[in-house]
Trainee: 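Below is the structure I would like to discuss, written out as C-alpha cells.
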Amino acid sequence: MFTNNQIFAAPLAGVTDRPFRRILREFAPEAPLVTEMISCHSLVGQHKNCLRNFDRYGAEGSVGAQIFGADPDLMATAAKMLADSGARWIDINMGCPVPKVATRAGAGAFLMRDHKLAGDIMRAVVRAVDIPVSIKTRLGWDDAHRDWRELIQIAADSGVRFAALHGRTRAQLYVGPAVHPDVHGCSIPIIANGDIKTADDLVRAGELGYCGVMIGRALMGRPWLIGTLSGGVVPNNVGDVVLRHLEYAVEYYGASVAVPMFRKHAAWYSAGMPNSAEFRIRVNSITDVAELKAEICKFWGCELNI
C-alpha cells in the first residue's frame with residue numbers, strides 16, 4: 001500500500017487553487033499536491049487577472065507547480081519563477097486534452113504528437129531549475145498512437161525525474177474507464193492517474209509497477225480522500241469543512257468572485273445527499289457570502305459563527 005507521500009493530488013483546472021489546497025492539506029499534511037496548470041505566457045507576463053501567477057508556495061509544504069506552453073525558453077523562464085516562489089518541483093503538462101490547449105496553443109496533449117518539441121521543452125526546464133522536474137501525460141493521442149513509452153524514455157533522457165500517466169488517450173478526453181498499463185521496466189518512476197478512488201485501486205497500481213498514485217476528480221467534494229486512503233478518517237461534519245473552504249476562497253479571491261466560484265464546490269460536497277438537488281438550486285441563485293454560509297449551515301446542520 002502506498003503511504004500518503006506517494007498519493008498525489010492531481011492538477012485540476014478551476015479546482016486545485018490555493019483555497020482548495022489548504023483544505024487538502026488539512027487532511028493530508030505530507031501529500032504532494034499539484035497546482036492548477038499555469039500558462040507560461042501568463043506567468044512570465046505577470047498577467048494581473050490571474051491570481052495564481054502570484055502565489056508563493058513556501059508555506060504550503062510539498063507543492064509542485066504545473067506549467068503548460070509550447071515555447072521552450074518561456075517554459076524555462078516560467079519554471080525558474082515558480083522555483084523561486086517556493087515550488088518543490090515543476091510539472092510539465094503534456095496531457096491536457098482541451099482544444100484551447102492541445103490544438104490551438106500546441107501545448108498540453110499536443111506534445112504527445114511532437115516528441116522533438118516535447119524533448120526541447122523538457123531539457124530547457126530541467127536546465128533552468130535546481131528542483132526536480134516531472135511530466136504529466138496520457139497513453140497517446142488516440143488508439144492508433146499509444147506511444148507513451150517513447151515519450152517517457154525521452155523524459156528520462158532529458159533529466160525528468162518522474163512522470164504521471166493518465167490511463168486514457170487524448171481522444172478519449174475523460175470518457176470511459178481509465179486503463180493503466182503495466183509500467184515495470186520504465187526508466188523513471190511512474191505515477192498512476194485516472195479513476196483512482198479506492199484502496200483497491202492503490203493495490204492494483206502497485207501490482208502494475210507504479211510508484212504512486214495521483215487522485216483527480218475523486219477529490220471534488222471529498223478533499224479528505226487522500227487522508228482516508230492513508231489511514232485518516234472522514235470528517236464528522238462535512239459542513240464545517242465546506243464553511244472553511246468558503247472562507248479560504250473569500251480570503252483569496254474576495255467575496256464577489258468567491259461566491260459564484262464556490263457554487264460548484266457546494267454542489268460537489270452535497271452530491272448524493274438527501275435534498276441535494278434543491279440545495280444546489282438555492283445555492284446557484286445566491287450572491288451574498290453570509291446568505292451562502294447560512295444555506296450551508298442549514299443543509300449540513302452545522303453552527304454558523306459570524
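Along the sequence shown, residues carry numbers from 1.
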Trainee: What I want to find out is whether Asp55 reaches Arg21 closely enough, with some N-O distance under 4.0 Å, to be called a salt bridge.
Mentor: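 Yes, this pair counts.
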
Trainee: Can you list everything that forms a salt bridge (Lys or Arg N to Asp or Glu O under 4.0 Å) with Arg88? Sequence neighbours excluded, please.
Mentor: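 Partners of Arg88 under the salt bridge (Lys or Arg N to Asp or Glu O under 4.0 Å) test: none.
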
Trainee: Looking at Glu251 and Arg22, does any basic side-chain N land under 4.0 Å from a carboxylate oxygen?
Mentor: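 Judged by the 4.0 Å cut-off on N to carboxylate O distance, Glu251 and Arg22 do form a salt bridge.
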
Trainee: Should Ile67 and Ile135 be counted in the same cluster of Ile, Leu, Val, Met, Phe, Trp and Tyr side chains packed under 4.5 Å apart?
Mentor: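 Same hydrophobic cluster.
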
Trainee: Only counting residues at least two apart or in another chain, list the ones meeting side-chain hydrogen bond (donor to acceptor under 3.5 Å, both in side chains) with Lys116.
Mentor: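 side-chain hydrogen bond (donor to acceptor under 3.5 Å, both in side chains) list for Lys116, sorted by chain: Asp120.
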
Trainee: What residues join Leu51 in its hydrophobic cluster, counting side-chain heavy atom gaps under 4.5 Å, either direct or through other members?
Mentor: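 For the cluster that includes Leu51, the remaining residues are Tyr252, Tyr253, Val257, Met261.
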
Trainee: Does a donor on one side chain sit under 3.5 Å from an acceptor on the other, for His184 and Asp182?
Mentor: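 There is such a pair (donor and acceptor under 3.5 Å, judged by atom type) between the side chains of His184 and Asp182.
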
Trainee: Can you tell me if Arg146 has over 12 outside heavy atoms packed within less than 6.0 Å of its CZ?
Mentor: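 More than 12 heavy atoms, drawn from other residues, nucleotides or ligands, come within 6.0 Å of this atom.
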
Trainee: Is there a donor-acceptor contact under 3.5 Å linking the side chains of Thr169 and Asp142?
Mentor: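 Per modelled atom types, Thr169 and Asp142 side chains form no pair under 3.5 Å.
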
Trainee: Return yes if a side-chain donor-acceptor contact under 3.5 Å exists between Asn93 and Gln66, otherwise no.
Mentor: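 Asn93 vs Gln66: donor-acceptor pair found between side chains.
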
Trainee: Is a salt bridge present between Asp84 and Lys80, judged by a nitrogen-to-oxygen distance below 4.0 Å?
Mentor: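 Looking at Asp84 and Lys80, the cut-off is met.
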
Trainee: Hey, can you tell me if Phe262 and His245 have their rings parallel, tilted or perpendicular (30° and 60° cut-offs)?
Mentor: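 Ring orientation, 0 to 90° scale: perpendicular.
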
